[in-house]
Amino acid sequence: MASPIISVKKLSKTYTSYRKQPGFLGSVKSLFSREKVLSEAVKGISFEIDKGEMVGFLGPNGAGKTTTLKMLSGILHPSGGEARMLGYTPWERKADFQKRFALVMGQKTQLWWDLPAMESFLLNKEIYGIPDARFKKTLDELTTMLDIAKLVDVPVRKLSLGERMKCELVAALLHNPEVLLLDEPTIGLDVTSQLAIREFLRRYNASSKTTVLLTSHYMEDVEALCERIIVINQGQKVYDGDLDELVHRTLTHKILTVTFTERVAKERFAGMGDVREHSPQRVVLHVPREQAKAVAARVLTELPTDDILIDEPPIEDVIRRVFAETHAS
Amino acid sequence: MRWKLNLRILENAWVRSFTWRGDIFFYRLQDVVNPLAQIIIWESVFRTRDTFGGYTHETMLSYVLVSTFFFALSRNWITGNVGEDIKEGKLNQYLVKPLSYITYNVWMGIGRTALATLFALAVVAVLVVAYRGSLYIPDLPHFALALAVTLAAFFMNMLLSIALGLAAFWMTSVEGFGNAVMFGRNFLAGSMFPLDIVSPLFVSVSAALPFAYTSYVPAQIFLGKMTIAQGLAALAVVGCWTMILYIVVRLEWRFGIRRYEGTGI
């Protein structure tokens, strides 16, 4: 069996900061004496990722997602534990290792702000030692896929956020990395741009078999792209596995949304489930998963049904519930 | 040495400099105003006397012009850039690439300084034509040695700037620290006035620090006020400072990078 591309064992990171009292007096005091504060951003997490996998890394703000990505890309030295990516220890920052992966951070740019993106692409060409013919071919492919061929000569500061993110992806993928670490790649983008980035990543992963580890606040990203998710909360891993399995394990109900051809009184839904919304010609029911089909059948036969939808609860509910369970335990 | 990469960094530095025409104009205005202001002051001083602090009208004018050129060659903007990269987490993008951040900054510095020096040279050339006949002309060995000291001082100064910038690993913000050192550097480099017109003690203190070797010392060699042997000794001092600062930079990087948190906007 092939060894995993990414292997993390009991990885931890503690940040040091200094507490300062508010106001001018607090600022003056802090010049002479400061209280040291240690915060554990990542607490001994372990996981493995195989070649070609696309894994969603989920967690609330401050959960330790970005810190983990920074350790995997060699930006940060861990406080403890081990990590191997592509057979290398990331924080040794060997050039051979750096040529085989890329990191895209949605909130930071690697492009020269004042210059057209093409200048950054050309710089990356030399940094990664990409031969001329391969550079041209990859650039053509990526700019066509992302529909930005006309934008590469426009100064980056003049681009929209979505256009800039597309250029960031091109800059990151020019050297055909085997592993792509994406930290909030769709943050702040409008729905159309989010969809375009998502679709690009899906197609790119399918065609290049690049291993992708993705963090995102948008559950749609993870739902659309990742079969497997790793959930972390307060620096600890709370789930690692199939997204569908987590949904089934965590959620005990399905959502039935029914519209009627006539007015239907609320009392008619007694015994069918939990009525969450009701108007004379529409109802939203939360029904235990195993009874969903039977209740749908009853609705169709007993009530003047115009349309019926059976949905899974939003993925946000799943994650929220997982976090709530972790807090409680 | 990755020459294609280094030349690309150099080119990007130039492309970036030419992006902002207004900035170019006002930076270059400084290059004109600074020597002109000094010339106006010294012209009024020499109106009533023939010598001042051991300088004649001819050697003082020559000092102003060569120190302007040498100082332009030693200038860079690296401290602020490095400090900002660390403080705002922009260093992240360099740490994940097969690229030496120090070498990258050296080539960026060479790019920007080369441009500034070219403009300073143009200003000095105009002033040389304007004051032709009233300037000191050195012999070739002194001229070559002065240039060699300046070039060595350029790299020394670049390492000093990087060292100051890397202090951000510990201090987070190095703006005040860098400005204080740069003010001291401008004062002690002798780019505002020849250091020996103040006092021998001032010259001795300056000679023990790296700054005077960027402007005052090469100007003294140029004017023949230092012998070739003294000039070579100065070159050796610059070499020692360069070595010391290189070690400091390496140590700062080695220990600082372990403290780096990659946070910021």
Side-chain angles (χ1 to χ4, degrees), chain A residues 13-18 39 41 66-67 69-79 90-91 93-105 107-116 118-130 132 155 157 168 171-172 175 177 179 181 183, chain B residues 1-24 81 84-105 107-108 111-112 169-173 176 253-265:
Chain A
K13 178 70 187 176
T14 303
Y15 288 118
T16 306
S17 59
Y18 295 93
S39 58
T66 303
T67 299
L69 248 56
K70 283 179 181 172
M71 286 191 279
L72 286 177
S73 56
I75 292 171
L76 295 183
H77 282 250
S79 308
W91 42 93
R93 289 198 300 279
K94 298 254 169 66
D96 288 342
F97 163 65
Q98 290 169 319
K99 283 181 180 177
R100 294 173 61 187
F101 82 94
L103 169 72
V104 176
M105 302 185 98
Q107 303 203 63
K108 284 196 166 65
T109 179
Q110 69 153 309
L111 305 170
W112 288 56
W113 194 246
D114 305 333
L115 305 183
M118 192 62 188
E119 299 287 353
S120 300
F121 300 160
L122 289 168
L123 182 64
N124 275 9
K125 173 184 178 291
E126 300 307 336
I127 289 175
Y128 290 99
I130 307 166
D132 290 351
R157 67 194 154 81
E168 295 281 352
H175 61 289
V179 176
L181 305 172
D183 188 29
Chain B
M1 186 78 83
R2 300 166 69 185
W3 282 107
K4 279 181 86 176
L5 168 61
N6 297 336
L7 290 175
R8 169 55 58 187
I9 297 170
L10 207 64
E11 191 182 329
N12 274 20
W14 288 333
V15 172
R16 190 162 179 259
S17 294
F18 280 112
T19 305
W20 306 108
R21 286 174 294 182
D23 266 4
I24 287 186
N81 293 345
E84 192 181 299
D85 283 348
I86 295 170
K87 182 183 173 188
E88 295 187 1
K90 293 178 188 170
L91 183 61
N92 294 356
Q93 58 163 313
Y94 303 101
L95 291 178
V96 298
K97 291 178 182 175
L99 167 80
S100 158
Y101 179 67
I102 306 294
T103 312
Y104 174 81
N105 270 290
W107 282 96
M108 281 294 289
R112 286 195 69 178
F169 280 131
W170 289 269
M171 299 170 69
T172 309
S173 175
W253 182 259
R254 188 172 163 190
F255 292 106
I257 205 68
R258 299 183 75 90
R259 297 173 56 91
Y260 179 64
E261 294 185 348
T263 50
I265 301 157

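Each chain gets a letter, A, B and so on, in the order its sequence line appears, and its residues count up from 1.
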(request) Select, from A:K94, A:K99, A:Q110, the one with the greatest count of heavy-atom pairs under 4.5 Å involving chain B. (result) A:Q110

(message) Rounded at 0.5 Å granularity, tell me how far CG in B:L5 sits from CH2 in B:W3.
(response) 11.0 Å

(message) Checking A:T66 against A:D183: is there a side-chain donor and acceptor pair closer than 3.5 Å?
(response) yes

(request) Going by the side chain to side chain contact (heavy atoms under 4.5 Å, CB included) test, name the single residue among A:M105, A:K13, A:H77 that passes it with A:K70. (result) A:M105

(message) Under a 3.5 Å distance rule, please check whether B:R112 uses its side chain to pair with a backbone N or O of B:S17 as donor and acceptor.
(response) no

(request) Say whether, by atom type as modelled, one donor and one acceptor occur between the side chain of A:Q98 and the main chain of B:L95 under 3.5 angstrom. (result) yes

(message) Looking only at heavy atoms and a cut-off of under 4.5 Å, which of B:L99, B:L91, B:N92 has the most pairs with chain A?
(response) B:N92

(message) Just so I understand: if I count every heavy-atom pair under 4.5 Å between each of B:Q93, B:R258, B:E261, B:E11 and chain A, which residue has the most?
(response) B:E261

(message) Is it the case that the ring center of B:W170 lies less than 6.0 angstrom away from the ring center of B:F255?
(response) no

Quick check on [X] against chain B: is it the side chain, the backbone, both or neither that has a heavy atom closer than 4.5 Å?
X: A:N124; result: side chain
X: A:I127; result: both
X: A:I75; result: both
X: A:W91; result: neither

(request) With a 4.5 angstrom heavy-atom cut-off, could you sort out which part of B:I257 is near chain A: side chain, backbone, both or neither? (result) both

